[in-house]
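Below: the structure, in structure tokens.
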Amino acid sequence: MLDFAPTEEQEEIRKLAQSIALDHLRPHARKAEIEHDSPNELWLTLAQTGLTTPFPEEYGGSGPLEAVTYSLIAEELAYGDPGLALHIVGSLMGPLTVWLAGSREQQERYLPPFGNSTSGYLQRGSLAFAERTGGYTLADIHLQARRTSDGYLLNGTKRDVVHGQRADLRVVLARLAEHESEGPEGKLCAFVLPGTQEGLSIQAEEEKLGLQAAPSATYLFNQVQLPAEALLGETGSSGVVRAATLYQILRAAIACGTARAAFEYCSAYARERIAFGRPIVSYQGIAFIIAEMAMKLDAARLLTWRAACSWDRGEADETLIHEAESAQRQAVKMAQAATTDAIQVMGGAGFMQDHPAEMWMRDAAAME
Amino acid sequence: MIDFSLSKAQQAARDYAHQVALEEMRPLSLECDRTEEIPESFFWNMQRRYWGGAAAQARAYGQDEGVKQENLLSVISQEEMAWGDAALATAIPGPGLAAPPILSQGTPEQQARFLSIYMDGQLHWGALALTEPGIGSDVAGMSTTAVLDGDEWVINGHKHYITNGARADLIVTFATIDKRLGREGIRPFVVPKGTPGLIVGRIEKKMGLRASQTAELIFDNCRIPKENLLAGRGEKKEGFKAAMGTLDATRPMVGAMAVGIARAAYEAACEWLREELPAGYPPHKRRAWEEELKELGQEIEMARFLVWRAAWMADRRIPNSKEASMSKAYAGALVMKATATAVRITAPGEESERKLLIQKWFRDAKVFDIFEGTAQIQRLVIARRLFPNIDIP
Ligand SMILES: Cc1cc2nc3c(=O)[nH]c(=O)nc-3n(C[C@H](O)[C@H](O)[C@H](O)COP(=O)(O)OP(=O)(O)OC[C@H]3O[C@@H](n4cnc5c(N)ncnc54)[C@H](O)[C@@H]3O)c2cc1C
């Protein structure tokens, strides 16, 4: 039955995430952007709330993730700072993919360090999705895997891998073509990359336009041989699709949070700023820009929630792929328009680094 | 809990209405548009298959589900009706736009008296008359007057662009009882068809929505009983609030109709690319169109969700002016984009029924940026709700 209200419990979690976003993320945003990193204290604070350990208790987590709930959280974190939100979500996607796609044995091996209170909270995971030849669409995943006598051979590229360089757990999405009938591309699958590997080059992406607080890397695979146990779970199971679409959904939620930050910030500015004797928001030229922003933000958020609902209900792969891709596409597009318009509303001030609007505009542009 | 799945009643509202739209509306669509007339058999079929069938069944399931969902059920079925034909959808018998003000501002006695007319199984319509030649968006500036004379209100003035104005059994007419009071002086009155002094003027010729009747109404010393004033609870702003409150309920419906047309155009353009592509059509162009349509499909879903949310709020009695305007503004712009895209994509094709329908939808679409508040007025409503303490003129 159609319903648009979060549960009371979700509302509480959302508020918690919002207070963390405002108290701990927003104030650190500039510094994180410059240092390409987050302070350790932030991770400890977050870990205490359970927000960064959304996997089963048996692995030290705070309970398995639900996509709707985590979309609400991710939006709030991004409302605090998009770069730090992606820093957190990008890290989570490593262990989450193992949880969703891995065998029991793999889960027992890779998950516990992430729930370890003494050392593990500072672990970083990573999930390599986008490539040099495309964006955040499943159809753009081409990293090629071939089965060999004792494992798999990988060829291709990955880019924009959050924590790609320093990650304690590196997961990559690829295509495994085993039978001609599956087409030249093959089935979506995921591998865990062991540390260093011959033929694998990992390069930090230093000169980014935005989202610097989420340090990222490019991977180049040139005949990289992986052992058989590097494949997560079984080929053809839904786990990998669920992991990939979850990342799309959470990226959509981050885009919504980014837009909301820009919307609220420029609204507050437009209420105070006086021109020709009146608050600038009393001019339709400004008010309509902001009205449009609010409307399109709501539209994209609803699309994101719908995909998250389907994820939680365990809908079929094709449904998830369509809905998650739609959400990510539309939310990112919307966030780019909203952050750009926020600067317009603020005039010259929007262009200055004294205000965060210019950072959000760069962040949104870097979500492609 | 956030949920985008349809309940049994909601699914029924969609499926049954779709069937009616497909079988009763689409086949008449082009002919009614050409002649600007609707055969009487259509009205009876809608009475039987829509009110007696689709809508009744959905409502019955809805009652079993135990939550208020009239608004949701009607936006869901409105989308299908407009997918069938938006002009015909406006002509389905029933109280139509007259119902919301009667329901929100009428006493129980008035509700029973006025709405029972629509329960006898015969053909009846309703209309809502706000717009005048001199004012449209600025409703508060209306000049139609109502003066109490003994036991009767005497109405004088001029309304135009009134949907179903000439066939309506009841016309909820807004008039001012004292111009000096501005918006506070505006009240809704129920004027029955055939009242002496109520004159039907011209029926407009329009670019689109041509089978929908758009009438001019002249009130020349039109006398109605005192009891036909919808007085609400007698508070000062009731009159104007009634007009505006009505819009909060009807804007999502109009948004739903826009979504229905947008979807029709989107589907037809997709089908054209699949089935009617002329020989030698460049593949790269086809791929570019497919990308554009994919984007459009996503926007249609967003528009629908905005509509559903606004209706859902109305069902829960959560104030929804802002969200109602968002749904209308978004869907109004989208339906223009969708129909224009469909026209562009299919332009090289041979003349076909599909192309004619697309052209019709394109002509129909523009009004969704205009009636029930123009695109600009929706943005004003949203902005004023976002900034309640600032005067945005
Ligand atoms: C097919 C059809 C059916 C209709 N059915 C009905 C009906 O059943 N009942 C009824 O009462 N009315 C009906 N209408 C009338 C409709 O509601 C009005 O046309 C609409 O409200 C706009 O009013 P207007 O045409 O007088 O335009 P105007 O108010 O004159 O507007 C002209 C332009 O000025 C802009 N504008 C006006 N004020 C502002 C402002 N403050 N800020 C920025 N821009 C502004 C408008 O957006 C528009 O672009 C119908 C209209 C049509 C076309």
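These numbers come from the heavy atoms of this one structure, side chains and all, not from hydrogens, waters or symmetry mates. Below, chains carry the letters A, B, ... as their sequence lines are ordered, and counting in each starts from 1. Remember, it's a predicted structure, so these values are computed and weren't measured experimentally.
Contacts of B:Lys8 with chain A are absent, with no heavy-atom separation under 4.5 Å from either backbone or side chain. Neither the backbone nor the side chain of B:Gln11 comes within contact range of chain A; no heavy atoms are under 4.5 Å apart. In this structure, chain A has a heavy atom under 4.5 Å from the side chain of B:Leu72, while its backbone stays farther away. There is no contact between B:Ile318 and chain A, counting heavy-atom distances below 4.5 Å. At a 4.5 Å heavy-atom cutoff, B:Gln378 makes no contact with chain A through either its backbone or its side chain.
Per-residue counts of heavy-atom pairs under 4.5 Å with chain A were compared for B:Tyr330, B:Trp312, B:Phe387, B:Phe305; the largest is that of B:Trp312. For the options A:Ala327, A:Ala287, A:Ser326, heavy-atom pairs under 4.5 Å to chain B are most numerous at A:Ser326. The greatest number of non-hydrogen atom pairs below 4.5 Å with chain A, out of B:Ser7, B:Ser325, B:Gly297, is found for B:Ser7.
Every side-chain contact (heavy atoms from CB on, under 4.5 Å) that A:Ala291 has, sequence neighbours left out, goes to B:Arg379, B:Ile382, B:Ala383. Applying the salt bridge (charged side-chain N to carboxylate O under 4.0 Å, His left out) rule to A:Arg260 yields the partners A:Glu75, A:Glu76, A:Glu264; only residues at least two apart in sequence or on another chain are considered. Under the salt bridge (charged side-chain N to carboxylate O under 4.0 Å, His left out) criterion, B:Arg304 pairs with B:Glu79, not counting sequence neighbours.
Residue-level contacts of residues 268-278 of chain A with chain B, in order of numbering, are A:Arg271, A:Arg278; threshold 4.5 Å between heavy atoms.
Checked against a 6.0 Å centroid threshold, the rings of A:Phe4 and A:Trp305 do not count as neighbours.
With A:Phe129 as the aromatic partner, A:Arg251 does not meet the cation-pi criteria of under 6.0 angstrom to the ring centre and within 45 degrees of the ring axis.
Two residues are said to be in side-chain contact when any heavy atoms from C-beta on lie closer than 4.5 Å; B:Arg384 and B:Ile390 fail this criterion.
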